[in-house]
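The sequence lines fix the lettering, A, B, ..., with proteins before strands; numbering per chain opens at 1. In what follows, every heavy atom counts, from backbone to side chain, and hydrogens, waters and symmetry copies are set aside.
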Amino acid sequence: DAGVTQSPTHLIKTRGQQVTLRCSPKSGHDTVSWYQQALGQGPQFIFQYYEEEERQRGNFPDRFSGHQFPNYSSELNVNALLLGDSALYLCASSRQGEWDQPQHFGDGTRLSIL
Amino acid sequence: AQKVTQAQTEISVVEKEDVTLDCVYETRDTTYYLFWYKQPPSGELVFLIRRNSFDEQNEISGRYSWNFQKSTSSFNFTITASQVVDSAVYFCALSAPRGKAAGNKLTFGGGTRVLVKP
């Protein structure tokens, strides 16, 4: 039973560039959430996708956008990268409506902005 | 708005000692879910335990136990007889979905780093 997989593992970009991160949910899950975790802090919710639509969004600027595909996998896009975007980006999956169940997390993508 | 506070930044213990991690939450919702996750150096968040707002029964699962008190909005977590492999950052998280289509975003605390020395 494959868990949540994310790619790439590490990424180095420069300011102003654009980046795309990818996530495949755990088998049987249909909802994908993205979180940003700065060094030494707790994860912060970016947004959540279900049925290929953004269902909830945290306090992140429009530079952060996403997409969900028919196979439930998802992408996180960040435009005009800033130094402050350096963080661990975590993807989590769950099943819609099963809110008492925990979200399952991937290993994350560590993004460094130079 | 939802908020989770973990006042302890770092805890250091010697192996076999018990470790209790504090978590205080804020929410106006009457139905909510609380979780504890562990984050080892590899980065993956590993689910440990959960509790819903309408079940205050405290439980023990192996070396883990938790104390949920709605009256004080606290959800504390204890590791009994700690081991070196327990060294990690522990996060308390809150979810308060409103309706099936509303989503279940997690609000995390700042985390508590636990260091278990041999």
The reported gap from NE2 in A:His104 to CD in B:Glu44 (rounded to nearest 0.5 angstrom) is 10.5 Å
In terms of heavy-atom pairs under 4.5 Å, which option from A:Gly58, A:Gly108, A:Gly40, A:Gly106 contacts chain B the most? A:Gly106
Is A:Arg57 atom CZ crowded by more than 12 heavy atoms from other residues, nucleotides or ligands, each under 6.0 Å away? yes
Check whether the ring centres of A:Phe45 and B:Phe108 lie less than 6.0 Å apart, and answer yes or no. no
Heavy-atom count around A:Tyr72 OH within 6.0 Å, excluding the residue itself: above 12? no
Can you tell me how far CD of A:Gln101 sits from CZ of B:Phe35, rounded to the nearest 0.5 angstrom? 8.0 Å
Could you tell me which portion of A:Gln41 (side chain, backbone, both or neither) has an atom closer than 4.5 angstrom to a non-hydrogen atom of chain B? backbone
Just how far is it from atom SG of A:Cys91 to atom CG of B:Leu45, taken to the nearest 0.5 Å? 11.5 Å
Does the side chain to side chain contact (heavy atoms under 4.5 Å, CB included) test come out yes or no for B:Asn104 and A:Glu98, once each step is laid out? CA-CA 9 Å; B:Asn104 63 334; A:Glu98 295 185 0; over 6 Å; no
Does CZ in A:Arg15 sit with more than 12 non-hydrogen atoms of other residues, nucleotides or ligands closer than 6.0 Å? no
Results of side-chain hydrogen bond (donor to acceptor under 3.5 Å, both in side chains) for B:Thr107 - residues two or more places apart only: B:Gln2
Is it true that a side-chain atom of A:Gln56 and a backbone atom of B:Lys105 form a donor plus acceptor pair closer than 3.5 Å? yes
Which atoms of A:Phe47 are under 4.5 Å from chain B, going by heavy atoms: the side chain, the backbone, both sets, or neither? neither
Nearest heavy-atom pair of A:Leu90 and B:Gly43: which atoms, and what distance? CD2-O, 4.0 Å
More than 12 foreign heavy atoms under 6.0 Å from CZ of B:Arg113: is that the case here? no
Mind checking the CG-OG1 spacing from A:Asp100 to B:Thr31? Nearest 0.5 Å is all I need. 11.5 Å
Partner chain B: residue of A:Ser94, A:Pro102, A:Gly42 with the largest heavy-atom pair count (under 4.5 Å): A:Pro102
Distance check, rounded to the nearest 0.5 Å: B:Leu106 atom CG versus A:Gln44 atom CD? 11.5 Å
Whether over 12 other heavy atoms sit under 6.0 Å from A:Asn59 CG: no
I'd like to know whether NZ of B:Lys16 has more than 12 heavy-atom contacts from other residues, nucleotides or ligands below 6.0 angstrom. no
Here the side-chain hydrogen bond (donor to acceptor under 3.5 Å, both in side chains) pairs for residues 34-43 of chain B, sequence neighbours left out, are A:Gln37-B:Gln39
Please say yes or no: joined through hydrophobic side-chain contacts below 4.5 Å, possibly via intermediate residues, are A:Leu83 and A:Phe64 part of one cluster? yes
